[in-house]
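Scroll down for the structure; my scribbles are underneath it.
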Amino acid sequence: MSAQPSPEEAPRARFRPPAVPQVEVRGFWGARVDAVAEKTADILYERCVEAGMLDQIDPDRPIPELRIPFHVHDGFTASTVTTQMFWDSDLGKTIETAAYSLYRRKNPELEKKIDAVIDMYAKLQQPDGYLSSWYQRMQPGLRWTNLRDCHELYCAGHLIEGAVAYFQATGKRKLLDVMSRYADHIASVFGPNPGQRKGYCGHEELELALVKLARVTGNSKYMDLAKYMVDQRGQQPHYFDEEARARGADPKNFHFKSNEYNQSHLPVRDQDKVVGHAVRAMYLYAGMADVATEYGDDDLRKALDRLWDDLHSKRLYVTGGLGPSADNEGFTADYDLPNETAYAETCAAVGLAFWANRMLGMGPNTRYADAMELAIYNGSISGLSLDGSLFFYENPLESRGGHNRWKWHRCPCCPPNIGRMVASIGTYMYGQAEGEVAVHLYCDSTATLDIGSAEVTLTQNTRYPWDGAIGITVDVAKPTLFALHLRIPDWCRKATLSVNGSPVDLNAAKSDGYARIEREWKAGDTVQLDLDLAVEQLYAHPEVRQDVGRVTLKRGPLVYCLEGIDNPLSLNRIRVPAASSFTANFEPGLLEGVVTLAAEAKADVTGDWNGDLYRTAAPKTETVPIKAVPYYAWDNREPGEMLVWLRGG
Ligand SMILES: [Zn+2]
């Protein structure tokens with residue numbers, strides 16, 4: 001293949017996230033990263049093996065029997081979709097999680113196993129560059145016949161992301177070269193030129209992966225293909241309809257009825273509602289945000305802001321989870337946010353963090369960073385047990401005790417998705433640009449950032465999110481002029497900031513919710529930021545029928561819940577009066593150390609009902625102590641009830 005520029009020569013976005021090894025994470029996230037590096041990364045590989053994935057991809061083994069039966073039919077081919085079709089994506093994310101974990105902890109055994117998987121893919125790749133374990137081994141001859149349903153390009157995207165991460169972590173470029181050849185093949189098959197297919201994937205993902213590939217290889221062809229696929233989506237004549245007819249199927253027999261399911265119902269620039277499958281939507285918007293950043297495309301950004309408003313004003317759980325329905329794994333109607341049946345897939349909250357993070361490429365703005373923080377601290381990491389070994393697919397906001405973590409899933413998309421997000425969490429904390437540094441998230445950490453003319457090291461000393469005091473020490477080789485942007489979260493009612501002991505007027509310094517301090521920084525300069533972490537009771541919009549009359553507790557970025565183990569009575573008997581005063585207590589021995597919230601609340605009494613099911617007298621109440629724990633940490637002890645939205649007054 002042709003010589004490729006080194007990563008250093010890759011094009012720059014306005015605000016680029018740092019690479020994983022640029023940020024040494026300690027504190028709250030340090031413990032989470034350790035769990036992934038010490039446990040999850042190995043577990044993901046082992047469970048992929050147990051699921052039979054290597055039998056499918058290894059060309060030296062006999063072609064295996066189908067392990068997971070087809071479950072969707074399109075009315076023509078007897079068999080259309082099984083989650084086994086997406087195994088390349090699960091391996092791609094497993095490789096990516098392993099790669100990021102290697103920065104944290106050397107793991108030669110796992111590296112050897114991943115190298116062997118990569119060897120299988122290299123051997124499997126066809127001479128023209130095509131690579132799909134499913135279509136080469138399980139359903140040969142059907143290549144490019146059903147982009148709508150079968151995740152063919154989605155799998156390519158995840159393997160590309162894995163390849164980029166593994167190259168960056170190990171310097172080994174075998175998979176990167178394999179996937180570059182595959183991307184070259186895709187770029188020859190799909191595009192605007194005569195004879196090329198005008199297609200894109202039913203499950204978005206390749207778009208954002210191509211942006212990563214373009215950045216690491218410096219090959220703008222991949223960026224252009226990402227832009228093409230974003231812009232081609234939803235154009236007429238509709239690719240998925242033509243493709244269905246070409247394989248002899250009726251487009252009307254689409255299992256999910258409407259192309260809203262895969263966000264191809266309209267060209268993306270004309271969209272203003274978040275619809276369909278939630279993970280697909282988040283991946284699409286993430287790819288759009290990358291394209292908007294790279295091409296300085298304000299028109300695309302406007303569409304993204306409309307979609308952002310729609311999600312945040314009508315369709316997002318208070319936990320940062322999204323997509324309430326299991327039927328389409330996605331969105332339903334405005335204000336429809338059921339709690340006990342919430343689907344709120346782990347991958348969807350992870351996808352929101354991806355999208356928000358990429359919006360920050362266009363400049364620091366709390367609108368995006370607050371949402372990223374919400375999704376990261378709540379609805380995404382709820383999907384991973386504290387010890388890193390067990391997982392949730394759905395993240396409901398209420399449970400009667402029967403929703404518990406599992407070892408593996410027939411559709412194991414979530415475990416490696418949360419694994420790769422946590423293992424790369426440092427990249428979400430900062431943004432770096434020419435002469436500018438943005439601190440998006442606070443966490444005890446040391447980051448070495450590249451501002452073009454110089455390197456800047458920022459050391460954060462903090463117990464955040466348990467405590468709002470954040471000390472930052474600046475280190476530079478020589479006095480350097482740059483702007484430091486510090487996020488002042490919108491949820492924070494009282495913040496104070498000082499530089500080398502001198503107070504900064506936040507009203508004057510703030511822009512888009514970030515304090516901007518531009519000065520000549522010297523080694524040893526210190527910044528002190530204090531964010532008030534008051535316990536707040538939140539109400540939902542009155543149209544959210546499931547939350548009427550209810551409140552939830554939030555402290556800083558963390559949403560809280562009650563668990564049965566701490567509150568031994570039916571949780572819906574509890575009422576939290578508006579005047580309740582909560583005390584926040586750090587409990588080092590509980591759930592690896594959390595701040596719990598305690599208050600006196602009311603509970604409806606049952607002792608005087610004497611066997612009646614109904615009566616004319618209202619229930620009597622008694623005073624009971626209640627204790628709430630952070631939502632992300634629920635179901636890490638014995639199974640029991642859980643409730644996020646508590647009865648008010
Ligand atoms: Zn998932």
Quiz item: Do Asp547 and Tyr317 get their side chains close enough for a donor-acceptor pair, meaning under 3.5 Å?
Solution: no
Quiz item: Quick check, are the ring centers of Phe86 and His203 under 6.0 angstrom apart?
Solution: no
Exercise. Could you walk me through whether Lys39 and Asp34 pass the salt bridge (Lys or Arg N to Asp or Glu O under 4.0 Å) test, one step at a time?
Key: CA-CA 8 Å; Lys39 266 212 159 143; Asp34 282 339; over 6 Å; no
Quiz item: Does a side chain donor of either Glu398 or Gln546 reach within less than 3.5 Å of an acceptor in the other side chain?
Solution: no
Quiz item: Do the ring planes of Tyr442 and Tyr464 sit parallel (below 30°), tilted (30 to 60°) or perpendicular (above 60°)?
Solution: perpendicular
Self-check item: Lys/Arg N to Asp/Glu carboxylate O, Glu436 vs Arg516, below 4.0 Å
Solution: yes
Quiz item: Hey, are the side chains of Cys201 and Leu206 touching, using non-hydrogen atoms and a 4.5 Å cut-off?
Solution: no
Quiz item: Is a side-chain donor or acceptor of Asp290 paired with a backbone partner of Thr293 at a separation under 3.5 angstrom?
Solution: no
Quiz item: Counting heavy atoms not belonging to Asp334, are there more than 12 under 6.0 Å from its CG?
Solution: yes
Quiz item: Quick check, are the ring centers of Trp308 and Tyr285 under 6.0 angstrom apart?
Solution: no
Quiz prompt | Ring-ring centroid check Tyr631 Tyr377, cutoff 6.0 Å | solution = no
Quiz item: With sequence neighbours left out, what residues match Gln528 under side-chain hydrogen bond (donor to acceptor under 3.5 Å, both in side chains)?
Solution: none
Exercise. Would you check if the distance from the ring center of Phe392 to the ring center of His403 is below 6.0 Å?
Key: yes
Exercise. Report the distance from atom CG of Leu538 to atom NZ of Lys554, rounding to the nearest 0.5 Å.
Key: 6.5 Å
Practice problem: Determine, step by step, whether Met282 and Leu311 satisfy the side chain to side chain contact (heavy atoms under 4.5 Å, CB included) criterion, reporting the C-alpha distance in whole Å, the side-chain angles of both residues, the deciding distance to 0.1 Å, and the verdict. | Solution: CA-CA 10 Å; Met282 293 304 110; Leu311 175 66; 4.2 Å; yes
Quiz prompt | Donor-acceptor contact below 3.5 Å, side chain Gln460 vs main chain Ser445 | solution = no
Quiz item: Can a salt bridge be assigned to the pair Asp298 and Lys302 using a cut-off of 4.0 Å between side-chain N and carboxylate O?
Solution: no
Practice problem: Identify which one of Asp512, Thr366, Leu529 satisfies the side chain to side chain contact (heavy atoms under 4.5 Å, CB included) criterion when paired with Arg487. | Solution: Thr366
Exercise. Answer yes if the side chains of Asp387 and Asn636 hold a donor-acceptor pair under 3.5 Å, and no otherwise.
Key: no
Quiz item: Is the centre of the Phe391 ring less than 6.0 Å from the centre of the His409 ring?
Solution: no
Quiz prompt | Ring-face cation contact, Phe354 with Arg358, 6.0 Å cut, 45° max | solution = yes
Quiz item: With no hydrogens and no angle check, is any side-chain donor or acceptor of Ser380 less than 3.5 Å from a backbone partner on Ala375?
Solution: yes
Quiz item: What do the steps show when you test Glu96 against Lys212 for salt bridge (Lys or Arg N to Asp or Glu O under 4.0 Å), and what is the final call?
Solution: CA-CA 13 Å; Glu96 194 180 346; Lys212 284 191 178 179; 3.6 Å; yes
Quiz prompt | Electrostatic pair Glu294-Lys227, nearest N-O below 4.0 angstrom | solution = no
Quiz item: Can you find a side-chain donor-acceptor pair between Tyr103 and Gln168 that sits under 3.5 Å?
Solution: no
Quiz item: Under a 4.0 Å N-O cut-off, is there an ion pair linking Asp231 with Arg269?
Solution: yes
Quiz item: Once the angle between the rings of Phe28 and Tyr632 is folded into 0 to 90°, is it parallel (under 30°), tilted (30 to 60°) or perpendicular (over 60°)?
Solution: perpendicular
Quiz item: Are Arg367 and Asp309 within salt-bridge range, i.e. N to O under 4.0 Å?
Solution: yes
Self-check item: Short side-chain to backbone donor-acceptor contact, Arg315 and Val274, under 3.5 Å
Solution: yes
Quiz item: Between Asp444 and Arg26, is there a side-chain N and carboxylate O pair less than 4.0 Å apart?
Solution: yes
Quiz item: Is Arg550 reaching over with its side chain to a backbone N or O of Trp645, donor-acceptor style, under 3.5 angstrom?
Solution: yes
